[in-house]
Amino acid sequence: AGTVPRQRPPRSDMGRGLTLLLLPLALLAAPAQAEGGTAAAGAAEVKIEVLHLPEVCSPKSRKGDLLNAHYDGFLASDGSKFYCSRTQNEGHPKWFVLGVGQVIKGLDIAMMNMCPGEKRKVIIPPSLAYGQQGYAQGKIPPNATLIFEIELYAVNKGPRSVEAFNQIDKDSDKKLSELEISQYLKEEFARDGKKRHPSVHDEILADIFKKNDHDGDGFISAKEYNVYQHDEL
C-alpha cells in the first residue's frame, strides 16, 4: 500500500462494484465543499489552487465517485517529497472512491468538484492529514502541513450509484435478491477472467448479505445499498 491511501485502492475499475459492495458503513464520512476555493472542516481548511482547468469541465467529482488520479505529496516545512504515485503500482494512476476514507481526509475534501483533466495544488493542515502523531513509515513528522499536486484523469460513477443498483436489480423492484446478486457475481467473475473455486462465489455472496442486509429480510433494499447517498433511488 502507498503512503497516502489508508486502504489499498482498486488497481482498475474491473470488478470494482464487487469489491466495494463490501465497504462498511464506518468508512462513510466526508466534509462538504465550501464556497470560494476552500473546503472547511471545523477550524481547519484545505486551500485549493487550480493549476489547470479544461475547457469542458464535466463531470465534476462527488462523494461516492470512483476517481483515477496521480498525485505527489510534499512537506510544507521544507518542500521535500514524501510520496509519488507515479513510482508505485508500476506507475499506474491510483483508483479510489471519493469521500469514504480511502485516502486522508484532506484529499477527500480537496478532490471534490474536480473534473477530468483538472490539475490542483492543495495545502492540507495536520488535522486533515496525519495530525499530532504523524506517520513515521511515510516520513511524515507530527503536526505536518502537507502539499499535494494532483492530476485527475477520470471520474466514474461509483459502485453505490443508481446506475450500479439498477444494473443488478434485473426485475426493477428496488431491492436486490440473492439470485440477482449471485448473477451479478457470476458476470463480474466472467469479466475478470480469473479462475476461482466455486466456493468463492458462495462465500462472497454470504458476506455481501451479512454486511448489507441489515433487517435480515433476505433482500438488500435501495436504502441499505445506497450508503453513499450519491443519488436518490
Side-chain angles (χ1 to χ4, degrees), residues 1-2 4-30 59 61-69 85 88-103 108 111 116 153-233:
V4 174
R6 290 180 177 174
Q7 299 181 8
R8 185 182 299 276
R11 289 185 171 222
S12 72
D13 59 354
M14 182 182 295
R16 64 183 183 270
L18 164 63
T19 303
L20 294 165
L21 191 62
L22 307 179
L23 279 174
L25 290 169
L27 290 178
L28 306 178
S61 59
R62 297 189 294 170
K63 181 180 178 182
D65 282 341
L66 185 71
L67 306 188
N68 186 235
S85 62
Q88 307 221 357
N89 191 22
E90 298 180 347
H92 296 301
K94 299 292 184 181
W95 286 99
F96 62 94
V97 178
L98 183 65
V100 300
Q102 289 189 328
V103 292
D108 267 340
M111 296 184 71
Y153 294 101
V155 177
N156 294 334
K157 290 287 186 180
R160 299 283 182 164
S161 65
V162 170
E163 290 83 356
F165 185 94
N166 290 338
Q167 179 185 351
I168 304 171
D169 184 22
K170 301 295 186 182
D171 61 7
S172 301
D173 64 353
K174 300 302 181 185
K175 59 184 179 180
L176 306 181
S177 68
E178 185 173 322
L179 180 61
E180 286 172 328
I181 293 182
S182 177
Q183 182 60 35
Y184 172 72
L185 293 179
K186 290 177 182 178
E187 292 171 358
E188 288 291 314
F189 285 165
R191 190 176 296 116
D192 190 320
K194 295 180 180 178
K195 291 185 179 180
R196 296 177 176 84
H197 191 277
S199 64
V200 173
H201 172 278
D202 296 337
E203 290 171 1
I204 293 177
L205 183 63
D207 198 38
I208 288 173
F209 272 86
K210 180 181 179 181
K211 293 179 178 177
N212 293 273
D213 182 18
H214 304 303
D215 60 11
D217 66 350
F219 295 90
I220 297 175
S221 67
K223 183 177 181 180
E224 289 170 327
Y225 176 90
N226 192 32
V227 294
Y228 292 156
Q229 301 299 315
H230 189 295
D231 294 292
E232 292 299 324
L233 280 165

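Shortest non-hydrogen contact noted between A69 and S85 is O-OG, 4.5 Å. V155 and S61 get closest at one heavy-atom pair: CG1-CA, 3.9 Å.
One N or O on the side chain of D108 and one on the backbone of G101 form a donor-acceptor pair closer than 3.5 Å. Formation of a donor-acceptor pair under 3.5 Å by the N68 side chain with backbone atoms of A154 is not found in this model. Of the possible donor and acceptor atoms, none in the side chain of S177 sits under 3.5 Å from a partner among the backbone N and O of F219. In this structure, E180 contributes its side chain and K170 its backbone to a donor-acceptor pair below 3.5 Å. Q102 places a side-chain N or O within 3.5 Å of a backbone atom of V97 that can act as its donor or acceptor partner. Of the possible donor and acceptor atoms, none in the side chain of D202 sits under 3.5 Å from a partner among the backbone N and O of A206.
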Given the rule in the side-chain contact (heavy atoms from CB on, under 4.5 Å) test, do S221 and K174 qualify, once you have shown the distances and angles that lead to the verdict? CA-CA 6 Å; S221 67; K174 300 302 181 185; over 6 Å; no
The test is side-chain contact (heavy atoms from CB on, under 4.5 Å); show your working for I181 and L205 and say whether it passes. CA-CA 7 Å; I181 293 182; L205 183 63; 3.6 Å; yes
Apply the test side-chain contact (heavy atoms from CB on, under 4.5 Å) to residues L67 and M111: give CA-CA distance (whole Å), side-chain angles for both, the deciding distance (0.1 Å), then the verdict. CA-CA 9 Å; L67 306 188; M111 296 184 71; 4.0 Å; yes
Candidate pair I208 and I220, rule side-chain contact (heavy atoms from CB on, under 4.5 Å), full reasoning: CA-CA 9 Å; I208 288 173; I220 297 175; 3.7 Å; yes
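In this view, Y153 and H70 satisfy the ring-ring contact (aromatic ring centres under 6.0 Å, His included) rule, not counting sequence neighbours. With sequence neighbours excluded, the residues forming a side-chain contact (heavy atoms from CB on, under 4.5 Å) with Q183 are K186, E187, listed by chain and number. Under the rule for a side chain to side chain donor-acceptor pair (under 3.5 Å), the partners of S199 that lie at least two apart in sequence or sit in another chain are H197.
The side-chain heavy atoms of L66 and W95, taken from C-beta on, include a pair separated by under 4.5 Å.
The distance from the CG atom of D169 to the OH atom of Y184 is 13.0 Å, given to the nearest 0.5 Å. Note that CG of L176 is 11.0 Å distant from CD of Q167, once rounded to the nearest 0.5 Å.
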